[in-house]
Amino acid sequence: MDLSSPVTTLPGIGGALGKKLEKLGIKTVFDFLYHLPFRYEDRTFTSAVDRLQPGETSTVIGKITSLKNEFTHRGKFIQVGQVTDGTGSINVIWFNQPYLVKSLAKNQGIALWGKVDYYKNLPALVSPDFEIPSGILLHMGRIVPIYPETAGISSKWLRTKIHHLLSVMDTAEILPPDIDMPGWLAALKDVHFPQNLETARVARNRLAFDELFLLQLASLIRKDIWERTRLTHAFIVDQEKILKFMNNLPFSLTASQNRSLKEILSDLSLSRPMNRLLEGDVGSGKTVVAAVAAYVAHLNGFRTVILAPTQILAEQHFQTFSAMFKPYGVDIGLITGASKLKIENTKLKIVVGTHALLSQNLNFSDVGLVVIDEQHRFGVMQRSRAAKIGETPHTLTMTATPIPRTVALAMYGDLDLSVLDAKPAGRLPVKTWVVPEYKRESSYKWLNDQMVKYASQAFWVCPFIEDSDTLTSVKAAKAEFIHLQEIFPRLKLGLLHGKLKAAEKNDVLDKFRSKKLDILVATPVVEVGLDIPGAALMIIEGAERFGLAQLHQLRGRVGRSQIQSYCLLFTSDETGITRLKNLEHLDSGMELAEADLKYRGPGEIYGTAQHGFPDFKVATYDDFSLIEKARSVAQKTLPKLQEYPLLRQLIKEDKIHIIEPN
Ligand code: ADP
Ligand code: MG
């Protein structure tokens, strides 16, 4: 048996139990050991029988001196007996468990945990938990772990099995011995069966450290491999031509765009591939930075592939890039699930596509740059496949997810990081109001004025129930579309949702972009990347259903020009107003993510698949000092890897995914 063996290889765990355990996410022995308590119950209080007080809950250790079934007048069984411990006796009763009479034979040593109450006017332990002591007590007389359970899998059962497993494990140690923490097995024992809550905390910390350490080590190894990769053809960065390209843009770059670009250009001139993450809040102008990099690739005779997570966004990038590269006669193509184009049949210098591109399993020696926009929307496998579109392409990944630097280090330790920390000049913060139901009518009036008098355009986003594009949200958007036509009879409305055909989506977006529509009623499909600078109003229905960071993303669709934009958050949930009001005074994604942390916990933000972060079993993303410690231990360990056979084995078996880039 090793840690990756199926849990069903453990004695006494057959297929049926295996299925139940799977419901708890337990498939392997490792999963089983890491099925950690979500809380502990303090059952240390133990009392002699003659000291028991009615109303008190206590552990009692003694003997069963009698136990028999009695019929109640309702035709049910109760089990009535006596427990003695040398200081005295007390009654004990259970309900409807006739088998206990046999299994708890007379004169058997027993430990009980329960409340002293009255039965037929006499003090009695009523329905206590019990345990037949065999050396040590697991279920009482101690701090007792309480686990996530499912039908047929109780905490009591888990405790027994996990305790047994821990007692037969041999002490495998993966960490360098000189860190100041309990050993791995000791930590597992302490986290399941702690002396006190402090030992549990220390143990949990150690297990969290392991996860962070392995992640760090994996990314350092990747970085090491990456840095030793040599390009067959290093780019020449022609500053003069780049300056000309930038001068042809309709705006000049911001200081932080320039800084990031400088970092990127310096990467591009090296003889090893770039592996950089460009992080910038919504609207900070990441696209144009990627475009300059694509231009450099083009000047060097290499192609660029740009990946976007949605067809809408791919379409938009296609248009943006086409406009920017028009003066240079560069062929640009769009490949989505809907298009017939095949990259291999083309001479396209820049290819914009969705994940449909990845399903073609491409590998072109002349692809010199791969850009992955909104990278958290791509799965790990997709991202690693993307990097293989070329032979040794430079990769630039981009995200608007606000990741604190430490978290970025934890997550993407192998990536170099560039941050766009300012928006283009002249941008006004989007004025944001939380609008309770009773103000709905008056805001309709105000909105109508804005749209009629000032020709403002509006996104009108309808809530979703689960993920961003469920049927329910489509239904809601369709209904709202009809409803809003009645409210705003003089305005032109369009409808956008994920279930539309590609051509229909493009058609409605084109109309909105060219100001033929006043209101675009939409599901949250508009959340990522959409750039329609003319739109200045963002109305969000059912705002309470969204996380703050996500509302910020939605709001980021407006405020993309120098006109004043507004965001109205409709909500009928009075209790959620304080949380939503954060958006009225906070303007940066980072601050809002931090506020979100308070309301929803780090798991919701940094632990969700939505953001592409790995799921830790123990660690969290908010323990920065532990993340830093993990990083420094990993750095010290990397050159001495030979000394840690178990670590080497984990790496060899690819348990820590060293080949998965990003
Ligand atoms: P994001 O970082 O959210 O992807 P975009 O790249 O879509 O942002 O840029 C947002 C908008 O800002 C676009 O309309 C873009 O043309 C514009 N923009 C980008 N950089 C600048 C700049 N330096 N000055 C003015 N506008 C800019
Ligand atoms: Mg973008």
Side-chain angles (χ1 to χ4, degrees), residues 242-243 245-262 264 276-295 306-326 350 352-354 371-378 396-403 417-430 457 459 509 512-515 525-536 538 549-563 565 567 587-590 592-593 611:
I242 293 171
L243 267 180
F245 183 90
M246 299 204 313
N247 285 338
N248 273 342
L249 294 171
F251 44 74
S252 49
L253 296 191
T254 63
S256 58
Q257 280 170 324
N258 272 320
R259 180 167 22 88
S260 298
L261 194 57
K262 215 170 135 197
I264 289 167
R276 187 169 286 277
L277 175 66
L278 177 60
E279 183 191 333
D281 208 347
V282 272
S284 59
K286 295 182 285 293
T287 318
V288 66
V289 176
V292 180
Y295 182 59
I306 295 155
L307 286 164
T310 65
Q311 181 244 333
I312 291 178
L313 190 52
E315 177 80 33
Q316 173 184 295
H317 282 334
F318 172 67
Q319 290 180 11
T320 313
F321 276 71
S322 297
M324 273 191 282
F325 282 88
K326 201 162 179 207
I350 296 177
V352 185
T354 56
V371 178
I372 308 176
D373 194 17
E374 309 284 351
Q375 62 99 26
H376 56 279
R377 293 290 173 120
F378 288 92
L396 178 64
T397 49
M398 309 201 287
T399 185
T401 305
I403 320 169
L417 186 63
S418 290
V419 181
L420 296 183
D421 46 16
K423 287 193 182 167
R427 296 279 167 84
L428 302 164
V430 179
Q457 288 177 284
F459 289 103
L509 275 170
F512 192 57
R513 227 182 268 281
S514 57
K515 301 202 188 278
V525 291
V526 298
E527 183 198 348
V528 285
L530 209 59
D531 182 44
I532 301 183
M538 169 59 71
Q550 200 183 6
L551 288 168
H552 178 67
Q553 281 279 334
L554 284 167
R555 175 171 67 175
R557 297 310 121 217
V558 297
R560 292 179 160 247
S561 68
Q562 283 167 340
I563 47 176
S565 292
C567 175
D587 187 38
S588 90
M590 189 72 84
L592 282 162
H611 289 305

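Just so you know, ligand 1 is whichever comes first in the structure, and atom 1 is the first atom listed for that ligand. The basis for the numbers below is simple: all heavy atoms, side chains too, and nothing from hydrogens, waters or symmetry mates. As the structure is a computational prediction, the values presented were derived from the model and not from experiment.
Salt-bridge formation is detected for the pair Asp421/Arg259: a Lys NZ or Arg NE/NH1/NH2 atom is positioned less than 4.0 Å from an Asp or Glu carboxylate oxygen. Taking 4.0 Å as the cut-off between side-chain N and carboxylate O, Asp373 and Lys286 do not count as a salt-bridged pair.
Within the 4.5 Å cutoff, no side-chain heavy atoms of Phe378 are placed close to those of Thr397. Between Lys515 and Gln457, the closest side-chain pair of non-hydrogen atoms falls below 4.5 Å.
Looking at Gln257 and Ser260, their side chains never bring a donor and an acceptor atom within 3.5 Å of each other. In the model, Ser418 has a side-chain atom that pairs as donor or acceptor with a side-chain atom of Arg276 under 3.5 Å.
In this structure, atom 10 (C) of ligand 1 lies nearest to the protein heavy atom Arg560 NH1, 3.1 Å. Closest protein heavy atom to atom 6 (O) of ligand 1: Thr287 OG1, 2.6 Å. Residue, atom and distance of the protein heavy atom nearest to atom 3 (O) of ligand 1 are Gly283 N, 2.7 Å. Closest protein heavy atom to atom 16 (O) of ligand 1: Phe251 CE2, 3.5 Å.
Nearest heavy atom pair, residue Leu278 against residue Leu396, reads CB-CD1, 4.1 Å. Across every non-hydrogen atom of Leu420 and Ser256, the tightest pair is CD2-O, 3.4 Å.
Remark: ligand 1 and Gly285 share an N or O pair separated by less than 3.5 Å (distance only, no angle test). The shortest N or O to N or O distance between Gln316 and ligand 1 is not below 3.5 Å.
Taking a 4.0 Å cut-off on heavy atoms, Gly529 fails to register as neighbouring ligand 1. Contact between Gly280 and ligand 1 is absent, with no heavy atom of the residue lying under 4.0 Å from the ligand.
With Glu279 contributing its side chain and Ala400 its backbone, the two residues share no donor-acceptor pair below 3.5 Å.
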request  = Report the C-alpha distance between Asp587 and His552 in whole Å, list the side-chain angles of each, state the deciding distance to 0.1 Å, and finish with yes or no for side chain to side chain donor-acceptor pair (under 3.5 Å).
outcome  = CA-CA 8 Å; Asp587 187 38; His552 178 67; 5.7 Å; no

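Contacts between Ala400 and ligand 1 below 4.0 angstrom, taking non-hydrogen atoms only, are absent altogether. Residue Gln257 touches ligand 1 through its side chain alone, judged by heavy-atom distances below 4.0 Å.
For ligand 1, the atoms lying closer than 4.0 Å to a non-hydrogen atom of Ser252 are 22 (C), 23 (N), 24 (N). Residue Pro533 approaches ligand 1 through these ligand atoms, each under 4.0 Å from one of its heavy atoms: 14 (O). The ligand atoms of ligand 1 that sit less than 4.0 angstrom from a heavy atom of Leu253 are 23 (N). Within the listing of ligand 1, atoms 23 (N) sit less than 4.0 angstrom from a heavy atom of Thr254.
Comparing Arg427, Met246, Arg557, Gln562 by heavy-atom distance to atom 12 (O) of ligand 1, the nearest is Arg427. Proximity annotation for atom 13 (C) of ligand 1: of Asp531, Val289, Val282, Ile532, Asp531 comes nearest, heavy atoms only. When Glu279, Lys286, Gln553 are checked for heavy-atom proximity to atom 1 (P) of ligand 1, Lys286 turns out nearest.
In summary, the aromatic rings of Phe321 and Tyr295 are positioned with their centroids too far apart to meet the 6.0 Å limit.
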